[in-house]
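First comes the structure, then the notes that go with it.
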Amino acid sequence: MNAIITRFAPSPTGNLHIGGVRTALLNYVITQKAKKKFPKSKFLLRIEDTDKIRSNNEFKNNIIDELNWMGFHHDDEPYIQSERIKRHQEVALDLLENNKAFKCICKPAELEKKRNENMKKHTNVKRLCTKCENSHDVQKLKNGYVIRIKIPNSENITLTDLVQGGITVENQEIDNFIILRNDGTPTYMLAVVVDDFDMGVNLIIRGDDHLNNSFRQFYIYKNMHWPIPQYAHIPLIHGEDGKKLSKRHGVLNISEFKEKGYLQEAIINNLILLGWAPSNDDEIISLEEIINNFEIKNLSKSSSIFNYDKLNYFNCYYLRKDTNVKKFHDYSQTNPQLKTFYRKDKEKLKRIFNIYKTKINYYKELENISPIYFEENFVTKKNILLNKEFKELLKKCIILLENLDLWESIKIEDLIKNFINTNKIKFISFGKPLRFTLINLENGPAVSDIFFILGKKNSILRLNNYIKG
RNA sequence: GACCCCUUCGUCUAUCGGUUAGGACAUCAGGUUUUCAUCCUGGAAAGAGGAGUUCGAUUCUCCUAGGGGUCGCCA
């Protein structure tokens with residue numbers, strides 16, 4: 001056994017998606033685990049941008065940035081597939097010269113028509129070009145053709161997949177796929193194999209939507225006399241409707257999760273539990289523990305549905321940890337609204353976070369919560385709770401508050417408790433209108449915490465303004 | 001339509017032939033609490049259906065049904 005070389009190979013035709021993050025996570029975890037035994041193991045990143053029309057740099061940068069943000073650092077510089085076209089062409093010509101591939105001049109529209117007809121007739125839709133391979137005229141052409149791979153007709157292939165197990169496919173089910181396009185550029189099917197071989201990739205972990213491709217790509221490996229890598233085709237994540245995850249399922253790009261204030265460890269914890277479970281019952285699990293315990297062979301073969309409730313549960317758990325207070329600080333610098341509050345009074349913002357962290361699922365929720373505490377010309381709204389008796393009590397209470405030197409939640413709480421005791425009233429009958437007077441909300445944090453957030457001066461100002469108004 | 005894969009509570013899963021089928025999220029009910037939340041305790045909730053193999057099947061085999069993936073000069 002040797003070092004394990006894995007790769008994450010996204011195409012930059014969109015931003016990094018939660019499904020892609022999971023694939024990257026699994027590649028990363030497996031490689032880190034392997035590194036403990038074989039330090040030369042590597043996790044590579046390859047940008048598959050052979051589709052020039054749909055690929056762009058913005059997507060490429062997003063993928064690289066977000067992968068780094070997640071903490072899935074790759075070894076080596078990112079490989080850019082389009083820079084290796086010459087090499088891909090070389091392999092295509094090699095296959096052609098060795099009679100492992102052939103030129104084809106079939107028109108896409110004709111093949112499309114034939115495919116539809118064959119589907120209706122319930123016959124094979126895989127070998128649609130039947131004439132070109134045996135036509136001397138076509139094979140002698142100097143241009144205006146595509147190059148297709150040759151697949152023997154009567155054999156079958158069995159591949160052993162680390163997740164899916166042994167799978168056998170008849171060659172009849174494999175098409176003579178194109179390896180070099182009309183314009184001389186390589187297709188994905190060729191480029192992916194050439195690059196994986198050249199980079200020494202020996203374990204391919206990818207979505208099981210590629211499972212069928214393995215059987216096609218097998219013939220490039222075989223004809224080039226290259227070793228077949230190990231495969232692990234992981235089941236896809238689905239939306240709540242059981243369908244492949246897509247836009248209509250809501251937030252999906254990792255950038256959006258980041259922007260909302262989800263933490264990396266919550267996302268990782270949530271994703272690793274799709275299709276896998278740790279041997280003990282403890283589902284709160286760190287990346288380090290995942291690396292130590294995860295086994296790809298224990299991954300489920302069936303797809304799983306992405307669940308926001310559980311993600312929120314994990315995020316809520318992690319963002320409350322004291323060790324993650326710094327993350328809130330970092331987040332507040334990336335969120336425009338929180339950043340202005342931070343500049344105004346960073347201590348106040350921090351107090352808000354500490355008091356609200358048991359009530360929120362992700363940081364962005366503080367956007368709606370914070371403004372009331374930063375409002376400079378605060379005016380208490382009308383409310384049925386604010387009756388005459390309350391007003392009279394409040395006047396007395398303000399005097400006590402003004403005399404309180406140490407403005408801390410516990411001290412304030414004691415003061416209010418004493419106050420209600422001496423006045424023989426119930427906490428709730430005084431506390432609730434008091435909360436409303438301060439922040440125009442009936443429900444929320446303990447009133448002593450609200451006082452603490454606002455600070456002595458501002459709290460008393462708000463109360464006095466209410467009394468006057 | 002063809003090929004390949006899958007099927008345990010609503011969701012994610014545990015179980016490597018014998019279990020009161022376990023856990024987590026969500027949900028419901030109590031309790032703590034200063035409202036909301038947190039937290040604690042408890043409840044309800046599952047082997048797609050049918051054959052077989054076996055003393056015994058959630059577990060092994062087959063069939064059916066349902067779901068998913070693939071079938072591009074996209075990746």
Side-chain angles (χ1 to χ4, degrees), chain A residues 9-14 48-51 53-55 81 104 106-108 111-112 115-116 118-126 128 145-148 161 163-165 167-170 172-175 177-189 191-192 206-213 215-216 233 235-236 238 240 242-244 270 273-284 300-314 316 320 355-360 413 416-417 420 426-432 434-436 441-449:
Chain A
S11 65
T13 53
E48 308 222 316
D49 57 346
T50 49
D51 183 346
I53 296 163
R54 283 191 254 182
S55 301
Q81 192 158 62
C104 166
C106 293
K107 296 266 181 300
L111 297 177
E112 176 74 25
R115 181 177 301 112
N116 289 335
N118 284 12
M119 247 183 209
K120 279 180 197 158
K121 285 191 282 182
H122 302 196
T123 53
N124 196 307
V125 299
K126 300 293 178 181
L128 298 170
Y145 54 81
V146 300
I147 298 180
R148 290 181 181 274
D161 188 284
V163 175
Q164 308 288 337
I167 299 170
T168 302
V169 169
E170 297 295 325
Q172 290 289 349
E173 298 301 329
I174 304 169
D175 62 325
F177 61 90
I178 293 171
I179 56 176
L180 212 63
R181 299 185 188 108
N182 202 11
D183 63 1
T185 60
T187 59
Y188 158 81
M189 215 59 73
V192 73
R206 72 216 315 189
D208 68 5
D209 50 340
H210 282 292
L211 184 60
N212 293 286
N213 287 339
F215 294 89
R216 313 213 262 173
H233 285 96
L236 264 21
H238 287 182
E240 312 246 320
K243 301 261 194 271
K244 200 172 166 182
N270 185 248
L273 258 25
L274 299 179
W276 180 78
S279 50
N280 59 5
D281 275 336
D282 192 3
E283 293 199 342
I284 298 285
S300 165
K301 283 187 186 187
S302 52
S303 53
S304 44
I305 293 172
F306 188 79
N307 185 262
Y308 287 96
D309 282 330
K310 196 140 185 182
L311 206 221
N312 283 339
Y313 163 76
F314 284 123
C316 189
R320 277 151 58 182
I355 284 158
Y356 274 91
K357 64 188 176 188
T358 59
K359 299 174 191 294
I360 58 171
E413 191 182 328
I416 294 171
K417 273 183 178 165
I420 61 166
K426 279 196 168 177
F427 200 110
I428 186 96
S429 63
F430 184 66
K432 210 156 185 174
L434 188 54
R435 178 183 298 107
F436 194 88
L441 292 169
E442 289 185 28
N443 296 325
V447 285
S448 53
D449 285 334

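Only a predicted model underlies this, so the values are computations on that prediction, with no experimental measurement involved. Each chain gets a letter, A, B and so on, in the order its sequence line appears, and its residues count up from 1.
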*Base versus backbone protein contacts along nucleotides 36-45 of chain B [heavy-atom cut-off under 4.0 Å; B, S, -]*: BBSS------

*Summarise how protein sits on nucleotides 7-13 of chain B as a single string, 5' to 3': B when a protein heavy atom is under 4.0 Å from the base, S for sugar-phosphate-only contact, - for no contact.*
----SBS

*If the sugar-phosphate is the primed atoms plus P, OP1 and OP2 and the base is the rest, what is the B/S/- string for nucleotides 69-75 of chain B, using protein heavy atoms under 4.0 Å?*
BSSBBSB

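Legend: residues meeting side chain to side chain donor-acceptor pair (under 3.5 Å) with Glu283(A), ordered by chain and number and at least two apart, are Lys310(A). For Tyr188(A), the ring pair (Phe, Tyr, Trp, His ring centres under 6.0 Å) criterion is met by His210(A), not counting sequence neighbours. With sequence neighbours excluded, the residues forming a side chain to side chain contact (heavy atoms under 4.5 Å, CB included) with Thr185(A) are Arg181(A), Asp183(A), listed by chain and number. For Arg320(A), there are no side chain to side chain donor-acceptor pair (under 3.5 Å) partners, not counting sequence neighbours. Listed by chain and residue number, Lys417(A) satisfy the side chain to side chain donor-acceptor pair (under 3.5 Å) test with Glu413(A) (two or more places apart in sequence, or in another chain). Not a single side chain to side chain donor-acceptor pair (under 3.5 Å) links Asp309(A) to another residue, sequence neighbours left out. With sequence neighbours excluded, the residues satisfying side chain to side chain contact (heavy atoms under 4.5 Å, CB included) with Tyr313(A) are Ile284(A). By the side chain to side chain contact (heavy atoms under 4.5 Å, CB included) test, Ala277(A) is found to be paired with no residue, residues two or more places apart in sequence or in another chain being considered.
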Can you pull every protein N or O that's under 3.5 Å from an N or O on nucleotides 59-66 of chain B?
none

*Applying side-chain contact (heavy atoms from CB on, under 4.5 Å), run through Leu128(A) and Asn118(A) and close with a yes or a no.*
CA-CA 9 Å; Leu128(A) 298 170; Asn118(A) 284 12; 3.8 Å; yes

*Stepwise, does the side-chain contact (heavy atoms from CB on, under 4.5 Å) test hold for Arg216(A) with Asp175(A)?*
CA-CA 8 Å; Arg216(A) 313 213 262 173; Asp175(A) 62 325; 2.7 Å; yes

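At a threshold of 4.0 angstrom between heavy atoms, the contacts of Glu413(A) include nucleobase atoms, whether or not backbone atoms are also involved.
Taken to the nearest 0.5 Å, the CZ atom of Arg148(A) stands 12.5 Å off from the CG atom of Leu180(A). Taking CZ of Phe306(A) as the start and CG of Leu236(A) as the end, the distance is 14.0 Å to the nearest 0.5 Å.
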